[in-house]
Amino acid sequence: MANSYDVVVIGAGPAGYVAAIRCAQLGLSTACVEEWINQMGEPALGGTCLNVGCIPSKTLLESSEHVHRLHDVFPNHGISVKGLKVDIKQMQARKDDIVGQLTGGIAALFKANGVVWVKGRGRLLANKQVEVTDHNGKTDTLQAGDIILATGSRPVELDAARTDGDMIVDSTGGLNFTEVPKRLGIIGAGVIGLELGSVWKRLGSEVVMLEAVDQFLAPVDEQVSKEALRQFKKQGLDIRLGARVTGTSKGGKLVTVNYKDKDGDHAIRVDKLMVCVGRRPCTDNLAALEADLLLDERGFVHVDHQCRTNLPGVYAVGDVVGGPMLAHKGSEEGIMVAEIIAGEHGAMNYDTIPWVIYTNPEIAWVGKTEQALKTEGIDYRVGSFPFAANGRAKAMDGAVGMVKLMADARTDAILGAHIIGPMASELIQELVLAMEFGASSEDLARTIHGHPTLYEAVHEAALAVEGMAIHKINK
Ligand code: FAD
Ligand code: NAD
């Protein structure tokens with residue numbers, strides 16, 4: 001049968017395209033159905049991550065960090081630049097070019113691995129069939145041996161602040177401003193709000209962030225989130241906690257945002273308003289009723305620990321199944337499922353998924369927070385080390401924040417690691433590896449770290465678990 005494949009994947013984000021490539025590598029005939037149309041009106045692979053997520057946001061963070069360094073850091077090095085100009089259109093063009101290169105790269109990988117890219121919207125039918133509706137409305141049916149659902153997520157919308165693609169936008173709009181908004185309002189001081197808020201703040205916007213809950217960055221270790229809040233406020237991000245948006249209105253060229261906090265009702269006026277209050281799974285009309293796919297109460301596809309849905313031979317991976325909404329988590333699930341389908345041993349360690357927030361300072365962690373260890377009644381020891389005592393961090397003008405490790409009081413196994421500081425996104429990987437290999441804090445403390453490096457702060461934090469840090473007064 002011409003339209004029959006060993007595996008049909010629906011969705012080509014980092015969960016789906018990685019699953020498809022691994023299936024093909026393992027000798028399975030594979031098709032991947034993807035409906036994305038990019039800014040140029042062309043079909044594109046890569047999903048949220050490559051098109052409107054990880055890659056464009058990190059590209060703008062990098063560009064805006066250069067501006068910040070030129071303004072605020074270089075003078076300290078005795079370097080000054082006169083007549084500094086920032087061309088937002090060029091910055092955006094560079095970002096779009098990088099996105100184009102990477103999404104094009106996935107198309108090349110599909111071709112090289114023999115993955116068939118089916119352009120259109122996929123819908124799960126009964127009996128392992130997938131209906132595809134192409135961009136002209138024509139439908140076709142694919143027959144699969146196994147099916148992987150990887151349809152990802154989209155921004156949660158707020159009734160009180162409906163997006164209009166111009167003055168009130170979601171994260172995609174917030175990545176595409178062609179001018180620096182004079183005053184930018186952000187609803188939600190979570191990961192996206194902080195990353196994109198940092199971009200536009202560094203480029204000159206006044207940024208006001210309205211966060212509904214009282215606790216800043218609730219999933220983060222409390223010691224780290226306190227330090228982060230202090231640093232972000234110092235940078236001029238106006239973060240208002242416990243602020244519930246009650247309504248918005250547009251007048252002239254401004255958006256008025258009404259919100260309530262413990263002190264009463266307030267209003268702010270902004271040029272642009274960005275709504276980033278979380279993401280929800282793309283499961284609307286994903287499956288025909290007769291397919292009988294089980295969703296949970298929040299609309300995520302229900303899966304077991306190996307990403308099996310309630311239907312034999314149908315798996316789901318990535319944001320659409322919930323858990324951490326992270327590209328690398330989805331990709332690893334994709335690999336696990338491909339290996340299971342191919343009859344191999346697919347497994348994934350959910351305890352060692354790293355998290356990174358690409359602000360300045362960066363925030364990264366793996367494993368348990370101190371508050372979780374306390375709640376779970378686990379006996380632990382802590383070691384921490386400040387970047388203020390790290391030579392490389394000082395040379396880089398990054399002597400802010402710390403590395404904090406927690407180890408089991410009995411076995412010394414590393415239970416959690418938390419970093420706020422320069423290049424935390426890279427440093428965390430040593431700790432992910434250590435945890436994956438079941439290392440103890442002593443293993444890390446006995447590992448030789450090059451000098452002068454930021455990694456020495458990780459080493460010293462491991463030494464500090466035993467009160468043995470060299471460049472810190474251990475109390
Ligand atoms: P997606 O990437 O959402 O891909 C799903 C794909 O399925 C899409 O291409 C969609 O078009 C397609 N699709 C949906 N329904 C259908 C259908 N019925 N038929 C055919 N195709 C369909 N994560 C990180 O780890 N690091 C970061 O730095 C990071 N930064 C981010 C920044 C922003 C601004 C945003 C919004 C997200 C960021 N994320 C980051 C999160 C990351 O993008 C997601 O976790 C990741 O993309 C999820 O991968 P996925 O494959 O599950 O879903
Ligand atoms: P988030 O969950 O990180 O933050 C949303 C914030 O909005 C929370 O603090 C929440 O309390 C707040 N909020 C919810 N409703 C609100 C309301 N009505 N008014 C005001 N505040 C409200 O979600 P996000 O920032 O939208 O990002 C979505 C997901 O995308 C993240 O959870 C993460 O998984 C992923 N992501 C990851 C990265 C990264 O890995 N660096 C970057 C961006 C996004």
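Just so it is clear, the values below take in all heavy atoms, side chains as well, and ignore hydrogens, waters and symmetry mates.
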Legend entry - Heavy-atom side-chain proximity of Val130 to Ile147 below 4.5 angstrom: yes
Inset, instruction - Drop me the distance from Ile192's CD1 to Ser171's OG, to the nearest 0.5 angstrom. - result: 4.5 Å
Legend entry - Donor-acceptor under 3.5 Å (Thr309 side chain, Ala316 main chain): no
Legend entry - Asp261 and His266: side chain donor to acceptor below 3.5 Å: yes
Legend entry - All ring-ring contact (aromatic ring centres under 6.0 Å, His included) counterparts of Trp117, not counting sequence neighbours: none
Legend entry - Point-to-point distance, once rounded to the nearest 0.5 Å, from CD1 of Ile363 to OG of Ser425: 11.5 Å
Inset, instruction - May I ask you to decide if Gly11's main-chain N or O and Glu34's side chain share a donor-acceptor pair within less than 3.5 Å? - result: no
Inset, instruction - Please name all residues satisfying side-chain hydrogen bond (donor to acceptor under 3.5 Å, both in side chains) with Gln215, sequence neighbours left out, ordered by chain then number. - result: none
Would you mind writing out the side-chain donor-acceptor pairs for residues 79-86 within the sub-3.5 Å range, not counting sequence neighbours?
none

Legend entry - Side-chain donor or acceptor of Asn51 paired with backbone N/O of Leu45 under 3.5 Å: yes
Legend entry - Side-chain H-bond candidate by donor/acceptor type, Asp96 with Gln92, under 3.5 Å: no
Inset, instruction - Using a strict 4.0 Å threshold on nitrogen-to-oxygen distance, state whether Arg183 and Asp271 make a salt bridge. - result: no
Legend entry - Side-chain donor-acceptor pair present, Ser153, Asp319, cut-off under 3.5 Å: yes
Inset, instruction - Please confirm whether the backbone N or O of Gly173 pairs with a side-chain atom of Lys272, one donor and one acceptor, at under 3.5 Å? - result: no
Legend entry - Short side-chain donor-acceptor distance under 3.5 Å, Gln231 and Glu227: yes
Legend entry - Under the side chain to side chain contact (heavy atoms under 4.5 Å, CB included) test, residues paired with His66 that sit two or more places apart: Glu62
Inset, instruction - Would you please classify the geometry between the His449 ring and the His459 ring as parallel, tilted or perpendicular, with 30° and 60° separating the classes? - result: parallel
Inset, instruction - Indicate yes or no: does Asp351 engage Lys368 in a salt bridge with an N to O separation below 4.0 Å. - result: no
Inset, instruction - Please identify each residue that fulfils salt bridge (charged side-chain N to carboxylate O under 4.0 Å, His left out) with Glu195, with sequence neighbours left out. - result: Lys58
Inset, instruction - Consider only side-chain N and O atoms of His451 and Glu456, and report whether a donor and an acceptor are under 3.5 Å apart. - result: yes
Legend entry - Thr141 side chain to Glu131 side chain, donor-acceptor N/O pair below 3.5 angstrom: no
Inset, instruction - Quick one: list whatever passes ring-ring contact (aromatic ring centres under 6.0 Å, His included) with Tyr455, sequence neighbours left out. - result: none
Legend entry - Any donor-acceptor pair under 3.5 Å from Thr163 side chain to Gly165 backbone: no
Inset, instruction - Assess the side chains of Lys201 and Gln235: does a donor N or O sit below 3.5 Å from an acceptor N or O? - result: no
Enumerate donor-acceptor pairs with a distance under 3.5 Å from any side-chain N or O in residues 322-329 to protein atoms, sequence neighbours excluded.
| from | atom 1 | to | atom 2 | distance (Å) |
| --- | --- | --- | --- | --- |
| His328 | NE2 | Pro354 | O | 2.7 |
| Lys329 | NZ | Gly318 | O | 3.1 |
| Lys329 | NZ | Gly322 | O | 2.8 |
| Lys329 | NZ | Glu333 | OE1 | 3.1 |
| Lys329 | NZ | Glu333 | OE2 | 3.2 |

Legend entry - For Asn136, side-chain hydrogen bond (donor to acceptor under 3.5 Å, both in side chains) partners two or more places apart: none
Legend entry - side chain to side chain contact (heavy atoms under 4.5 Å, CB included) partners for Glu42, two or more places apart: Asn38, Met40
Legend entry - Asn360: partners by side-chain hydrogen bond (donor to acceptor under 3.5 Å, both in side chains), with sequence neighbours left out: Glu65
Legend entry - From CG (Leu194) to OG1 (Thr359), nearest 0.5 Å: 6.5 Å
Legend entry - Partner residues of Asp146 under the side-chain hydrogen bond (donor to acceptor under 3.5 Å, both in side chains) criterion, sequence neighbours left out: none
Legend entry - Pairs where residues 150-163 contributes a residue and the test salt bridge (Lys or Arg N to Asp or Glu O under 4.0 Å) is met, not counting sequence neighbours: Arg154-Asp284, Glu157-Arg162, Asp159-Arg162
Legend entry - Pair Asn258-Asp265, side-chain donor/acceptor within less than 3.5 Å: no
Inset, instruction - Mark yes or no for whether Thr48, through its side chain, and Gly53, through its backbone, hold a donor-acceptor pair below 3.5 Å. - result: no
Inset, instruction - Quick one: pull up CG in Leu175 and CD1 in Ile55 and give me the separation to the nearest 0.5 Å. - result: 11.5 Å
Inset, instruction - Give a yes or no on whether a salt bridge exists between Lys119 and Glu35, defined as a side-chain N under 4.0 angstrom from a carboxylate O. - result: no
